[in-house]
Amino acid sequence: MPTSLSKAFRAFVKLSFICCLFVFAVQAQSDLRPLHLRVEYKTNAFVDAARPRFSWELQSAVPNQVQTARQILVAGSVTLLSNEKADIWNSGKVLSGAVNQVEYAGKALASNKTYYWKVRSWDKNGKAGPWSEPAYFSTGLLQQSDWKAEWIGYDVNALSVNKNYHLPPCPYLRKETAINGTIKKANLYVTALGLYEFYINGRRVGDDYFAPGWTDYNKRVYYSAYDVTGDLKNGKNAFGAILSTGWYAGYLGYALLVGSPVTHSFYGKVPLLKAQIEIEYNNGKKELIYTDASWKAATGAILEADILNGETYNADLEPEGWKRAGFDDAAWKQVQTYPAKAALPLQLYPGNPVKIIEEITPVSIKEKSGKYIVDMGQNFSGVVRLKAKGKKGDTIVIKYGEMLHLDGNVMTENLRKARATDTYIFKGDANGETWMPRFTYHGFQYVEINGLKTKPAVKDITGIVMSSATPVAGRFETDNEMLNRLYKNIVWTQRSNYFDIPTDCPQRDERLGWTGDAQIYMRSAAFNSDIAAFHTKWITDLNDAQWPSGAYPVYAPLPVGANGRAAIRSSDTFSPGWAEAGIICPYNIYKMYGDTRIIEQSWPYMLKYMAFLEKRSKGSHYFAEGSFEDFNPKGGFGDWLSVGRKTPPDMLATMYYNYCALLMAEMAGALGNTNDADHFTDLSQKIRKAFASHYTDADGKLKTNAAAYGDGKGYVDGHLGFSGHTQTAYANAVYLKILSPENLMKAGQYLSALVRNNNNQLSTGFLGFKPLLPALSATGNSNMAYTLIQDTAYPSLGFEVVNGATTIWERWNSFTRDKGFENNAGMNSFNHYAFGAVCEWMFQNMAGIQPVDAGFKTFMIKPEITDSGIHYTSAVYHSIHGKIAAFWKKDSASLKLQVTIPVNTRATVYLPAANTGAILCNGKPVVNSTDILLKRKKDQRYTIVEAGSGTYEFTIALHY
Ligand code: BGC
């Protein structure tokens, strides 16, 4: 927002607030106040949806408060809005409790406009509250025909002289234009095929990195929008951009490692820029400045820039003053235009852009045979900013690693073919030079610097932490320090891997949107951050990557080669537990945020996938006859990186098939589509029946005999040794809801026996660990779940923590004291969120916060409080309805449970005491409390209460 406009806007906000107070005083209104106004999950941002969705949270001091009606006003100017002249939309008073996913239904929105809006709510007594403070949203370029800009580029591929890698320099592009008149408003719409930084009059626009993100660039390209009113001036203005290959033309994944015929330039060879500045003058005149053949190009200081391989910068080659007006660009070349790309659909970036989210300082710097080893104290994604002095031509080389070898050297073997090296060449500034790479990132804790003449000081090295800037939503703490560190490690791993797309890891030659990892971890992620916008973006990537067969891929985006196969060779194109991300991820957005639009948008893809599963299940070569084959799609990676006996992938495939059918039924219901809801409910019943008859013994045991698996002799893809009687099998059977109620409890017994007989330890991989603790909890084995979460022996998450981990490891044995890094040659990431999926259990079971209705309109607080050595747990989750908190503390005499329930929601709280006489609510006997509803006791172990908004403290006498 330009300073002048933002000043006026702020003054207006202040005035409205004073007016509100005044009105409130004279009218004795309701105190129900809408706060945190957002459109499409964002605050005062650009949107390009035709019917954007509004949301707000409510505040009121009155307990049990709800919204019974609401009114939204949208106006074309602040003044109109303050006068309640809604020239764009006046929703009128609508009887509705909805405070989110409320669709705009006013006049058609125009491109490149700012709209101001406010909302008010009526309370449970039908009294109106004050108007919210005003908010705004701006529209992007809504029609493709709004784009006058052309794709421009500068092909410097011939300048790549590097032998091992193809790494051309970064093109610099510029243009000068005179502006005459007083500017009322100017917006920049900008994108690239590749990555870009855009400059106006020397200043970089925005603080986003890695824009415009990774998509299937053949299907859609995202642009970003910025208000640049304050950046322009009367007279000559200079516009500049630096381009880099990025995901578009750079190296991707493990293509080099596996000898793929394509290793880089998956989508195109030349990075391109498209930018358009829309200027509106005070006198109403409009003007466009945009990229076209008149722009000029050259190369500069950035000699190489590649996401996986790093950046090389020769400071002496930076053309002094090129970003400012008056620079002599006579020697610069004319750009090329790329009309063939003109048809690419452009859309506004829907996610949260990558930003610098934190800066950290080293914890130690050690000299080692002429190089310096810097310990940042934390594994993370990003780069370092370095301040140093050197003579012209002096060179420093920076390498990155996650761990140290025993001899103190940085361990880089697990980066595989990712060069991950940055190089800086000094220009010789006597005052020192400061540099940070911008078109690459690394996953690291340790930095090795070669070429420095003197030891750097701690203040000369800064860790630049980068991540998709998803707003923080969760907090979690207990009285167990190991668990607190584990939670931090989970959060750091999420920050490192929520990087435009959900990546598997940030360090090696991979960094792909692996679908299995993403679906396993997503619910956990949602408790930590508001990931609605982030995952909406990636679900589109996933839908774009669906195979023609209907199978979702094993990673998305999925660069596809000319032969239609994944260009980065993938061991399979379909894998149960991975592919289902296409169903599970939209479901999670629905369940956590009450978002049905994501279901509508994904529905055709999801139906196609279900049809694929159906087709794949039939006529399998494993089972020549019988009805079971109709319900088993088979295949895939199975319980990836398991440390126990292998669970047959075909069995897991059937469980996931059932889970998808159940989620599809629920989502169809949310759309009001009863036909599909019935169809998928019926399908689930059939799958469950087939599963029971094929895989389950009479005593509910999952079969151990080989005949049940793979080829009928126990061989799965040529390998023997699978068993259905595993932790993974039972945990998934429970979590994925494939068992009958009788078999469910039996599965719990088998599961707990398997854990017990395994020295009270886990023996799972990716697919098995996520449901392990939830399944134990769901079958009355909370104590055992607590034992596992507190375990610090190998294999466990605690083992990583006590071995100094600051993020979650890919493998249970990524590092062990006796065997060191035994898996480095293959794959061994120290920043892989898959096992962090236990976070879901921490929030949903330890703290007990679980959604019931979508979007936490109603929810449960059912903490599992055991004699496990944990004496308190405190969790906060900022839901789309507002802040939910659950805190419990236990001593020998009593248990205290404090819960916060947001306005306009209801929670069912489970108090672990059968006798209501033992319970106080806010200091009064719970039976006398008028604020809450005592529900009939279904479960003898609990007293169940239902409560509306407010904060409640329950005290339970333990030996009553
Ligand atoms: C990735 C995983 C992924 C797996 C599937 C690995 O290379 O890092 O996290 O799910 O491949 O095969």
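One-based numbering, in listed order, for ligands and for the atoms of each. What you are looking at is a predicted structure, and each value in this text was computed from that prediction instead of being measured.
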For this session: Would you mind checking if K537 and D541 are paired as a salt bridge, meaning a charged N to carboxylate O distance below 4.0 Å?
Result: yes
Problem set entry | More than 12 heavy atoms of other groups within 6.0 Å of K608 NZ |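 More than 12 heavy atoms, drawn from other residues, nucleotides or ligands, come within 6.0 Å of this atom.
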Exercise. Hey, is F766 touching ligand 1 through its side chain, its backbone, both or neither, going by heavy atoms under 4.0 Å?
Worked result: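 The part of F766 near ligand 1 is the side chain, not the backbone.
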For this session: Using a 4.0 Å heavy-atom threshold (strictly under), name the region of R508 that reaches ligand 1: side chain, backbone, both or neither.
Result: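 Just the side chain.
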Which atoms of ligand 1 are found less than 4.0 Å from any heavy atom of [X]?
X	result
D517	2 (C), 3 (C), 9 (O), 10 (O)
D504	1 (C), 8 (O), 9 (O)
E810	8 (O)
M827	7 (O)

For this session: Answer with yes or no whether W578 contacts ligand 1, where contact means a heavy atom under 4.0 Å from a ligand atom.
Result: yes
For this session: May I ask you to check if R523 and Y587 form a cation-pi contact, with NZ or CZ under 6.0 angstrom from the six-membered ring centre and within 45° of the axis?
Result: no
Exercise. Cationic tip of R811 within the cone over W809's six-membered ring, i.e. under 6.0 Å and within 45° of the normal?
Worked result: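 Because its charged atom misses either the 6.0 Å distance or the 45° angle limit, R811 does not stack over W809.
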For this session: Give me the one residue out of Q445, E448, E402 that meets side chain to side chain contact (heavy atoms under 4.5 Å, CB included) with V410.
Result: E448
Exercise. Between the side chains of D422 and Y400, is a donor N or O closer than 3.5 angstrom to an acceptor N or O?
Worked result: yes
